[in-house]
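Written out below as C-alpha cells is the structure these notes cover.
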Protein chains: 2
Amino acid sequence: MTMTDVDSTFRALADPTRRRIIQLVASRSLSAGEIASHFRATRPAISQHLGVLRSAGLLSEQRKGARRLYRAEPKALAAAIEHLQSFWPGRLEALKIEAERRERQRRDQRSR
Amino acid sequence: MTMTDVDSTFRALADPTRRRIIQLVASRSLSAGEIASHFRATRPAISQHLGVLRSAGLLSEQRKGARRLYRAEPKALAAAIEHLQSFWPGRLEALKIEAERRERQRRDQRSR
DNA sequence: CACGCTTGTAAGCTTTCACTTACGTAAGCG
DNA sequence: CGCTTACGTAAGTGAAAGCTTACAAGCGTG
C-alpha cells in the first residue's frame, strides 16, 4: 500500500503528544532537548515523534551546531485543513463563519 | 487515560478508509451496506469503521427499518479544523487565502 | 585529542489497530 | 411463523505504533 502525503500527515496528527509538539514550535523554534523537557516521556521517544512529524512535512529542521532546531511548517497543516474542507464544498466554511459569529456575539454580551 | 473529543476525532481521521467514508456520506446519507460496497474490505470491517466514526461524532446514524443510514456530521470536522487553526493564530488563515489567490491566478492564466 | 553535550538510531517489548471468519439480532416478507 | 436481508458483535491474528534502555555519532571546548 502506498503512502500518500495526506496519509502521513493525518497519521502524524493522530498522536496527542505530536500535536502538542506542533503547538510548542508554532511561533518559535526549539531544540530537541527543549521540546523533550516539556514532556514526561524520555528524550528518545520525543526524538522519534520529531522524526515522524518531520517526515510528514509538519516540522522543519535547522542544524545549529550540535543541536537541531525544530519549527512548525504551517503549509503542511494548511494542506491538511484544505483536504478536510474539500469534503463538504463550501459548507464547512459556512459553519466556521457562523461559529465565529456566535463567539463574537457571546463575547460582546459578556463585556457589556 | 482519558479520551478527549479532539483525540478521538483525530484518531478517527488517521485512517484513509475512514476519511473516504466521510467523503462518501458528506452530501447524501447511505446505508452501511452501500458504504461497504465501495470498498474491498469485508462488510464487518466497514461496520467497525462506522462505529469508530460514529463514536467520534463524525457520523450520525438514523435507523430506517432494517437498515441504518449514515451521514457525515460537519460540526465535528469543523471543530477539528478549528483546533488545527488555533495552532498558529491567524497565520494559517493567511496561508489559505494566499493559496486560493494563487489557485485563482493559475486558473485565469489557463483559460486565457 | 579527550571529554562533555546534544541528539539520532537499534533492539526489544507491550499495546493498539485493522482485518478476517463465525455468530447473534432485529426488521421485513412469503 | 420460518426465511431472507441488513446489520452489529465476538474472538482471534498479523502488523504497526509507541515506549524504554543501550549505544553510536557529531559538535564544541578545555
Side-chain angles (χ1 to χ4, degrees), chain A residues 1-25 28-72, chain B residues 1-25 28-72:
Chain A
M1 187 67 75
T2 58
M3 174 69 139
T4 71
D5 292 344
V6 179
D7 212 287
S8 63
T9 300
F10 279 106
R11 204 179 297 274
L13 288 173
D15 188 272
T17 301
R18 288 197 285 263
R19 288 197 302 276
R20 281 195 56 205
I21 290 176
I22 294 177
Q23 289 179 300
L24 269 179
V25 295
R28 67 197 186 286
S29 58
L30 292 177
S31 70
E34 290 172 316
I35 294 170
S37 71
H38 286 76
F39 298 92
R40 288 189 189 173
T42 60
R43 207 193 40 69
I46 301 301
S47 181
Q48 284 161 6
H49 282 307
L50 292 173
V52 171
L53 288 168
R54 211 194 66 75
S55 70
L58 286 161
L59 254 53
S60 65
E61 176 189 305
Q62 182 198 355
R63 305 202 178 188
K64 198 84 174 183
R67 21 178 147 169
R68 312 197 181 182
L69 302 179
Y70 290 94
R71 184 171 202 134
Chain B
M1 192 58 73
T2 61
M3 173 71 137
T4 70
D5 292 344
V6 178
D7 211 288
S8 64
T9 301
F10 279 106
R11 205 179 294 274
L13 289 173
D15 188 271
T17 301
R18 287 197 286 263
R19 288 197 303 274
R20 280 195 57 205
I21 290 176
I22 294 176
Q23 288 180 299
L24 270 177
V25 296
R28 66 198 187 287
S29 58
L30 292 177
S31 70
E34 290 171 316
I35 294 171
S37 69
H38 285 76
F39 297 92
R40 289 188 187 172
T42 60
R43 202 194 44 67
I46 301 301
S47 181
Q48 283 161 6
H49 281 307
L50 292 173
V52 171
L53 288 167
R54 211 195 65 76
S55 69
L58 285 160
L59 254 54
S60 65
E61 176 190 306
Q62 181 197 357
R63 305 203 177 188
K64 198 81 175 184
R67 19 177 148 169
R68 310 197 182 182
L69 302 179
Y70 290 93
R71 183 170 202 136

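- Contact annotation: the side chain of B:L69 never approaches that of B:V25 to less than 4.5 Å [non-hydrogen atoms, C-beta and beyond].
- Each of C:dC19, D:dT21, D:dG8 was ranked by its minimum atom distance to the side chain of A:T42; first place goes to D:dT21.
- For the pair B:S31 and D:dC7, the criterion of a side-chain N or O lying under 4.0 Å from OP1 or OP2 is met.
- Between A:H49 and D:dA17, a side-chain N or O to OP1/OP2 separation shorter than 4.0 Å is absent.
- Residues of residues 14-22 of chain A having a heavy atom closer than 4.0 Å to DNA chain D, listed by number: A:D15, A:R18.
- One finds the CD atom of A:E61 at 11.5 Å from the OG atom of A:S55 (value rounded to the nearest 0.5 Å).
- Here B:L58 contributes atom CG and B:S8 contributes atom OG; the two are 7.5 Å apart, rounded to the nearest 0.5 Å.
- Remark: P of C:dC17 and CZ of A:F10 are 18 Å apart, rounded to the nearest angstrom.
- Near DNA chain D, meaning a heavy atom under 4.0 Å from it, residues 51-69 of chain A has A:G65, A:A66 in order of number.
- At the phosphate of C:dT9, neither OP1 nor OP2 sits under 4.0 Å from any side-chain N or O atom of A:S47.
- Using a 4.0 Å heavy-atom criterion, one finds that B:A32 contacts the sugar-phosphate atoms exclusively.
- OP1 or OP2 of D:dG8 lies within a sub-4.0 Å distance of a side-chain N or O belonging to B:Y70.
- In this structure, CZ of B:F39 is placed 14 Å from P of C:dA18, rounded to the nearest angstrom.
- For the pair B:I46 and B:H38, the minimum side-chain heavy-atom distance is 4.5 Å or more.
- Between B:L24 and B:Y70 the shortest side-chain heavy-atom distance does not fall below 4.5 Å.
- The distance between atom CD1 of B:I46 and atom P of D:dC7, rounded to the nearest whole Å, is 13 Å.
- Minimum interatomic distance between B:A72 and B:I22 (heavy atoms only, all atoms of both residues): CB-O, 4.0 Å.
- Once rounded to the nearest 0.5 Å, the distance linking OG of B:S60 with CG of B:L53 reads 11.5 Å.
- Across the protein-nucleic acid pair, B:R11 atom CZ and D:dA17 atom C1' stand 10 Å apart, rounded to whole Å.
- In terms of heavy-atom proximity, A:R63 sits nearest to A:R68 at NH2-NH1, 3.2 Å.
- The shortest side-chain heavy-atom distance between B:R20 and B:F39 falls under the 4.5 Å cut-off.
- Distance check, rounded to the nearest 0.5 Å: CG of A:L13 to CZ of A:R19 gives 7.5 Å.
- Computed from coordinates, the B:R43 CZ to C:dA18 P distance equals 18 Å when rounded to whole Å.
- Between the CG atom of B:L30 and the P atom of D:dC7 there is a distance of 10 Å, given to the nearest Å.
- Taking CD1 from B:I35 and OG1 from B:T17, the interatomic distance works out to 12.5 Å, rounded to the nearest 0.5 Å.
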Identify all pairs in which a protein N or O lies below 3.5 Å from an N or O of nucleotides 10-15 of chain D, and state each distance.
none

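- Of all heavy-atom pairs spanning A:R11 and B:P16, the tightest one is NH2-CD, 4.4 Å.
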